[in-house]
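So you know, we letter chains A, B, ... as the sequences are listed, proteins then strands, and number each from 1. Keep in mind that what you see is a predicted model, and the values were worked out from it rather than measured. These numbers come from the heavy atoms of this one structure, side chains and all, not from hydrogens, waters or symmetry mates.
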Amino acid sequence: MRMLLYKAWIETRVRFASGLIAVAIVCIFQIEQHAWLVAMWAREWADPKGYHFSWMPLGIHEYGWYLWHYLYDNYLQQVWALFAILFAFGGLIRERSGGTVLFSLGLPVSRRRWLFSRLAVALLESIALSMFAIVVVVIGSAIIHQTFSLQQMLLHTALMIAAGVFLIAFGNLCYTLFPGNYLSLVLTLVLLGAPYLWLQTYMQHMRYLGRSTWLGYFDFAHAMAGPWQLNWSSAPWLTLLLTWTLTAALLAVTVVHGDRIDY
Amino acid sequence: MTAVIETESLKKTYGKHEAVRGLNLCVEAGSVCAFLGQNGAGKSSTIKMLLGMIHPTSGTGRVLGHRIDKESESLLIRQNVAFVAEDKRLYDYMTVAQIVRFTKSFFPGWKRDLEQRLLAQFELPLDRKVRQLSKGMRTKLTLLLGFARGCELLILDEPTEGLDPVAIEDVLQIVVSLAAQGTTVFFSSHQIAEVEQVADHVLMIDRGQLVLDAPMDQVKEEYRHIHAVFPEPVEERDLRLPGVEKVQTEGRTVSLTASHNVDSIVAHVRMLRARSVDVLPVSLKEIFLEKVRARG
Amino acid sequence: MFRKPNPSSGVPIYVQLKEQVRHAIETGALCAGDQLPGIRSLAETLVINPNTVIKVYRELEQEGLLEIRHGLGAFILSRHRRAKTEGMRDAQQLVRELVETLKDEGLDEGAIRRLFEAELAGELQRR
């Protein structure tokens with residue numbers, strides 16, 4: 001088992017390193033932008049003819065809200081989701097195009113174990129990536145002399161991962177079903193990414209306008225972000241339960257389909 | 001003798017293409033059995049079914065007593081069978097040392113001394129990445145990873161493809177050496193010379209069906225070409241005798257290929273007042289070409 | 001001591017190897033009490049199937065040319081006399097002369113081999 005994890009790790013370590021760099025860039029950029037954005041919002045808010053949004057006072061006075069909004073409700077979440085899907089890329093179907101699948105299948109390892117060891121590594125890497133983001137934010141915030149609730153940050157990270165497992169499972173199933181090597185990666189990213197990003201932007205806009213629509217049920221980004229103040233009662237338990245059920249179903253389909261493939 | 005590989009009317013169909021058409025194989029413990037056939041004859045499909053990599057359309061089989069069509073038993077098969085696939089590519093991001101360590105971890109009976117000996121004999125650099133190895137080196141590494149597993153059954157799909165003659169001889173020598181230590185070897189090939197050299201049993205497959213299943217010595221001792229010249233042209237049907245595989249008449253000259261029963265065929269030919277009768281040995285290559293062409 | 005058998009000739013490898021052992025005994029290359037190579041090492045040296053070596057040793061044992069002492073190996077028995085060796089040498093000389101004569105008559109190697117084989121096959125028939 002250790003060797004399977006080791007193999008999955010060697011296969012994804014370049015992606016993992018890229019993920020660390022991307023996360024660092026996003027976090028540092030948002031922290032660096034904080035003073036400038038707050039100054040701009042304050043100007044607009046003070047100007048009777050300027051833009052007025054209900055969230056502006058929060059953005060100006062609450063650094064914690066700022067972090068949640070820019071990182072967990074937007075850019076860090078997107079980058080994290082992208083890399084979580086990338087970490088899950090691989091597997092026996094991909095090995096078929098690489099010509100190594102018969103070597104792998106010749107080892108006394110069941111197809112399920114191949115699948116789950118790889119997904120376990122993808123999950124661990126995703127968790128490590130989100131932990132790294134916290135470290136960057138803690139250091140960056142100290143540099144710009146801002147304080148925030150570390151507990152809230154950990155809770156949002158936990159929610160992002162808890163809901164994000166769905167993306168890993170979904171992405172993985174797509175890789176199994178789509179043809180080609182890099183074509184399947186591109187297809188998966190488009191199929192998952194396009195509706196996710198569009199819905200996220202659209203639904204955020206609708207929420208600012210105070211409207212709701214049935215499309216909100218598909219706003220997965222919102223499920224990963226949760227409400228700003230996250231606690232036991234405000235956590236989106238129902239959404240999480242649904243997400244986990246769907247994740248389990250996707251994994252079951254992947255396993256059954258995977259067992260039937262002829263290599 | 002116990003059978004280590006047995007199949008019963010094994011079939012595999014891909015869409016409309018029938019790759020394997022009702023194969024009944026039996027490989028006995030302790031033998032070096034060659035699985036001979038052209039490219040696309042169904043060798044790889046059969047082997048992949050034995051190891052659970054593809055699923056039979058119908059029929060079944062057992063390897064070391066375990067059912068091939070059950071995923072849980074297939075795992076037991078792969079614990080006790082060292083398999084080297086036709087595609088000899090390996091994880092190209094690992095170094096030679098890494099992939100040896102990786103493979104070793106799955107096999108408790110790993111032969112470390114053989115591993116060390118072959119690393120030296122094949123001149124494989126431990127710290128080189130697989131992607132930087134030449135094709136021949138990669139093939140040798142893949143074979144090493146199969147040979148050192150210390151399993152009771154070795155299944156090799158085209159083991160010597162792409163190797164130079166020296167390396168082929170090295171590989172055959174290891175096969176022979178493992179066989180002498182009690183390993184059963186089942187290998188597919190279309191290289192007749194190497195099959196003749198090391199195999200003691202031949203299974204010949206053509207278009208998904210078995211066309212020959214015999215001990216090598218029997219093939220060599222009983223298959224004969226009989227060349228006869230008659231005073232008058234003879235009818236082909238006069239020569240349809242048990243054991244006659246093929247008849248070719250050219251005027252007064254007749255060529256027969258016999259798989260057994262040579263003595264009575266010769267007697268019969270003499271009775272037909274043949275002027276001269278020559279009995280010549282047949283090489284496996286000729287038998288192979290005849291079997292394959294006869295059906296073409 | 002032994003040459004690699006030719007696998008593509010129509011003659012089974014075990015027959016070729018048996019002939020080689022017999023020849024070695026008849027020419028005196030192997031004497032009574034000499035030990036033959038082990039099965040594995042001979043199979044490895046000649047790169048032939050170990051079962052073939054086993055078959056050769058077993059048949060030669062039955063023919064009284066060697067004995068297999070369990071755990072020790074195969075040893076040449078002393079029954080074969082020098083006379084036989086000499087007889088073989090004479091026979092070889094005869095064949096050599098005959099072949100040369102036939103070659104002088106214009107027959108090529110293939111033709112000579114066919115004549116020999118046809119004759120031997122005929123011999124088999126007459127028996």
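Using a cut-off of 4.0 Å between Lys/Arg side-chain N and Asp/Glu carboxylate O, B:E123 and B:K140 are scored as not salt-bridged. In this structure, A:K7 pairs ionically with A:E11, as a charged nitrogen and a carboxylate oxygen lie closer than 4.0 Å. Comment: B:K104 engages B:E115 in a salt bridge, judged by a side-chain N to carboxylate O separation of less than 4.0 angstrom. The existence of a salt bridge linking B:D69 and B:R67 is confirmed by a sub-4.0 Å separation between a basic side-chain nitrogen and an acidic carboxylate oxygen.
Residue B:I77: no heavy atom, backbone or side chain, is found under 4.5 Å from chain A. Looking at A:R112, there are no atoms closer than 4.5 Å to chain B (heavy atoms on both sides), in backbone or side chain. Neither the backbone nor the side chain of A:V101 comes within less than 4.5 Å of any heavy atom of chain B. For B:K12, the part sitting under 4.5 Å from any heavy atom of chain A is the side chain, from C-beta outward, and nothing else. Contacts between B:I99 and chain A at a heavy-atom distance below 4.5 Å involve the side chain alone, from C-beta outward. Proximity to chain A (any heavy atom under 4.5 Å) is restricted, for B:E71, to the side chain, taken from C-beta onward. Neither the backbone nor the side chain of B:M49 comes within contact range of chain A; no heavy atoms are under 4.5 Å apart.
Classification of the A:W114-B:F106 ring pair by plane angle, with boundaries at 30° and 60°, yields tilted.
Cation-pi geometry between B:R101 and A:Y6 is met: under 6.0 angstrom from the ring centre, within 45 degrees of the axis.
Of the listed residues (A:R2, A:M1, A:R260), the one with the most heavy-atom contacts under 4.5 Å to chain B is A:R260. By number of non-hydrogen pairs under 4.5 angstrom with chain B, the leading residue of A:G98, A:S110, A:P108 is A:P108.
In this structure, A:W68 contributes its side chain and A:A225 its backbone to a donor-acceptor pair below 3.5 Å.
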